[in-house]
Structures are given as structure tokens and as C-alpha cells.
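Since we're looking at a predicted model, the values are computed, not measured. Sequence lines set the chain letters: A, B, ... in the order given, protein chains first and strands last, and positions in each chain run from 1. Heavy atoms only: backbone and side chains are in, while hydrogens, waters and symmetry mates are out.
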Amino acid sequence: MKNVVMLENVDYFDIRQILESGQVFRFEKISDSSYLLNAKNKIIKIIQQEDSNSVLVHNTNLGELEEIWSRYLDITTDYKDIVQKLSQKDDYMSQAIAFGSGIRILKQDPWEMLISFILSQNKAIPHIKQCIRNIAQQFGLPIDEYDEYGKAYYTFPTPEQLSHAKEEDLRACKVGFRAPYILDACQKVLNGELILNDLYLLSAEEAKEKLMQVKGVGPKIADCILLFAYSKTEVFPTDVWIKRVIEGIYFKGKDVNLSEIQSFAKEYFGDLAGYAQQYLFFYGRENNLFK
DNA sequence: GCACAGGGCCAAT
DNA sequence: ATTGGCCCTGTG
């Protein structure tokens with residue numbers, strides 16, 4: 001039976017910051033402290049409690065919380081240590097963390113991340129969310145256990161389900177020139193050329209190489225998948241926002257290329273580069289810095 | 001109304 | 001190594 005569960009004593013956890021930091025697309029804002037999340041073929045509502053370090057999770061139960069959501073929400077990682085180490089780096093990093101100290105890096109589904117970030121290229125975030133909704137509605141299954149708002153929600157389609165899509169079907173979902181990339185991802189996953197579960201065991205470098213064999217997956221998208229699905233926290237996804245932030249803070253505004261940024265991040269942030277990227281992205285983007 | 005850029009990548013120089 | 005083009009949409 002499903003109901004409400006209270007998640008208590010969670011420091012460094014802010015559901016708004018977690019969901020709005022650009023790592024996840026299948027959510028709806030209800031208010032600043034309340035969000036609907038579509039993941040794991042389920043819908044939950046998460047409500048941040050004011051003036052306390054606890055959150056309410058609706059439409060789940062204690063067993064599910066422990067078996068599914070605790071891992072997904074990265075509850076077991078100690079962010080105190082991460083925050084402390086990164087804050088010591090410099091004033092800007094320290095400010096970014098003070099601003100977004102409730103961010104956690106979710107452990108999302110590799111297949112969903114692969115398709116979602118293929119979609120993301122050269123798109124704005126609202127558009128990405130729209131395309132994913134279209135695809136789920138067309139090729140996923142309805143999640144009929146939740147209708148608090150009278151809206152229909154759908155699972156993210158499996159590779160098998162999505163492989164039934166034709167290019168024109170995908171274009172009808174407004175994915176544009178990315179349609180053949182999605183079909184290529186379906187094909188490589190279904191025929192075993194790319195075994196997504198194997199990548200957990202590989203190094204970030206090896207896994208990145210495998211992911212980039214899919215059409216439409218370059219270094220940025222591969223890094224996003226590695227960070228947001230596989231928890232390879234040493235990677236540093238470098239998009240236009242992060243590039244501007246890094247150039248502004250650490251290179252005196254000078255234009256630097258991708259490989260320079262990558263080697264800087266590896267040297268400067270080490271194994272915490274992925275976390276640093278999330279704090280910097282959220283801080284820079286929410287405040288429109290370095291635009 | 002219309003130019004422009006958007007969590008990039010591909011293919012052709 | 002560098003650059004134009006790309007589907008489509010929200011924003012100014």
C-alpha cells in the first residue's frame with residue numbers, strides 16, 4: 001500500500017536544487033518546495049519541509065523508499081565531505097556551493113540518459129522536456145496509479161518499445177535532426193553492440209569511448225551520461241554555460257578550448273570534478289552569470 | 001514580426 | 001584544427 005513517507009535527517013538535500021540543476025528532465029514544479037518526479041516507472045511527489053532537514057515523499061512506502069529512492073536520490077553519499085573539500089578551493093567555488101548546497105547527483109537510468117542527452121544538443125531545457133514528454137506519450141506505457149492532477153503520465157520507453165518508432169514518428173515528437181541518432185542508439189543497444197549495464201564496471205574513459213560510438217553522442221553528452229547515470233563523478237561535462245563560467249573565473253575571461261578546460265578540471269577538482277560542475281552550472285545559470 | 005541562441009555534433013574543408 | 005549547418009522553439 002502506498003502513502004506518504006518522511007525522509008528525515010537529510011542534510012545537503014534540496015529538491016528544487018536537485019531537479020533544477022539540469023541533470024534530469026522528467027519532473028514538474030508544483031511550488032518552490034514541491035515537485036512531481038517521473039522516474040523508475042513511477043510518480044512520486046517530493047515536498048521539502050520548511051526549516052528542517054526532512055522531506056515528505058508521497059505515493060511510495062518505506063520498502064520502496066529504501067529499495068529504490070534512497071539509491072536514486074543518492075541519500076547514502078556523504079555530501080558534507082564533498083562540500084567541505086570543494087569550498088576550500090576558492091571564493092567563487094565557495095559561493096557556488098553556498099548557493100546550491102542542496103544539490104545531489106541522481107543515479108538515473110542509463111538508457112533514459114542516453115536518449116535524453118542525445119535530444120539535448122542545441123536545444124533549450126524546456127524544449128528538451130517537451131520532446132521527452134512527446135516520446136514517452138507515444139512509445140511508453142501509461143502510469144495509471146497517479147492522477148492527483150488529472151493528468152496522464154507515461155513511462156520512458158524501453159529500447160524495444162522505442163525501436164518501433166520510425167524516423168517520421170520521432171520527428172513528429174519534434175526531435176528534428178536528432179531522429180536518426182535515436183534510432184542508431186536503439187539499434188546498437190538492441191543488437192548488443194552497446195551493453196549499457198557493462199559500463200558501470202568500466203573506467204570513465206573506456207565507458208566514454210563506448211558511448212561515443214553512438215551517432216550524435218560526442219564528448220559532452222557522453223560525460224553527462226557518465227555522471228548522471230553511472231556516477232562517474234570524476235568527469236566534467238563541458239557545455240556552453242560551464243565553458244563561460246570556467247573562462248570567466250579561472251582564465252581571466254580568455255577564450256580556451258575544450259581540452260584545456262578538461263585538463264584544468266581534472267587537475268583542479270580531481271575526483272570531485274562532476275560535483276564541482278553541478279555547483280558551478282547551477283550557480284552560473286540561475287544567476288545568469290558570464291552570459 | 002523576426003532574429004537569435006539553445007546543457008553539441010557531424011561532415012566537409 | 002576549424003567551421004557551417006542543423007530541426008524546432010522560447011525569448012528579446
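- Taking atom P in both B/dG7 and C/dG5, one finds a spacing of 22 Å when rounded to whole Å.
- Annotation: A/Tyr92 is in aromatic contact with A/Tyr283 [ring centroid separation under 6.0 Å].
- Remark: B/dG7 base-pairs with no nucleotide in the shown strands. Criterion, Watson-Crick or G-U wobble with two distances under 3.5 Å.
- Using a 4.0 Å heavy-atom criterion, one finds that A/Pro237 contacts the bases of the nucleic acid, with or without backbone contacts as well.
- Taking the side chain of A/Ile221 as heavy atoms from C-beta on, and the options B/dG7, C/dT9, B/dG8, the nearest nucleotide is B/dG8.
- If you measure from atom CZ of A/Arg178 to atom P of C/dC8, you get 9 Å, rounded to the nearest angstrom.
- Among the nucleotides C/dC6, B/dG7, B/dG6, the one closest to any side-chain atom of A/Lys220 is B/dG7.
- Heavy-atom nearest nucleotides on DNA chain C were determined for A/Gln130 and for A/Arg171, and the one closer to the 5' end corresponds to A/Arg171.
- Ring-plane geometry between A/Tyr181 and A/Phe177 is classed as perpendicular, the angle between the planes exceeding 60 degrees on a 0 to 90 degree scale with a lower cut at 30.
- The separation of C/dC7 from B/dA12, taken at their P atoms, amounts to 14 Å, rounded to a whole angstrom.
- C/dC7: no Watson-Crick or G-U partner with both key distances under 3.5 Å is found in any strand.
- At B/dG6, one or more side-chain N or O atoms of A/Arg244 fall inside 4.0 Å of OP1 or OP2 (strictly under the cut-off).
- For the 3.5 Å distance criterion, the side chains of A/Asp91 and A/Gln95 fail to qualify, holding no donor opposite an acceptor.
- Each of A/Asn257, A/Asp255, A/Thr238 was compared with A/Lys243 under the side chain to side chain donor-acceptor pair (under 3.5 Å) criterion, and only A/Asp255 meets it.
- For A/Asn122 against C/dC7, a side-chain-to-base donor-acceptor contact under 3.5 Å is present.
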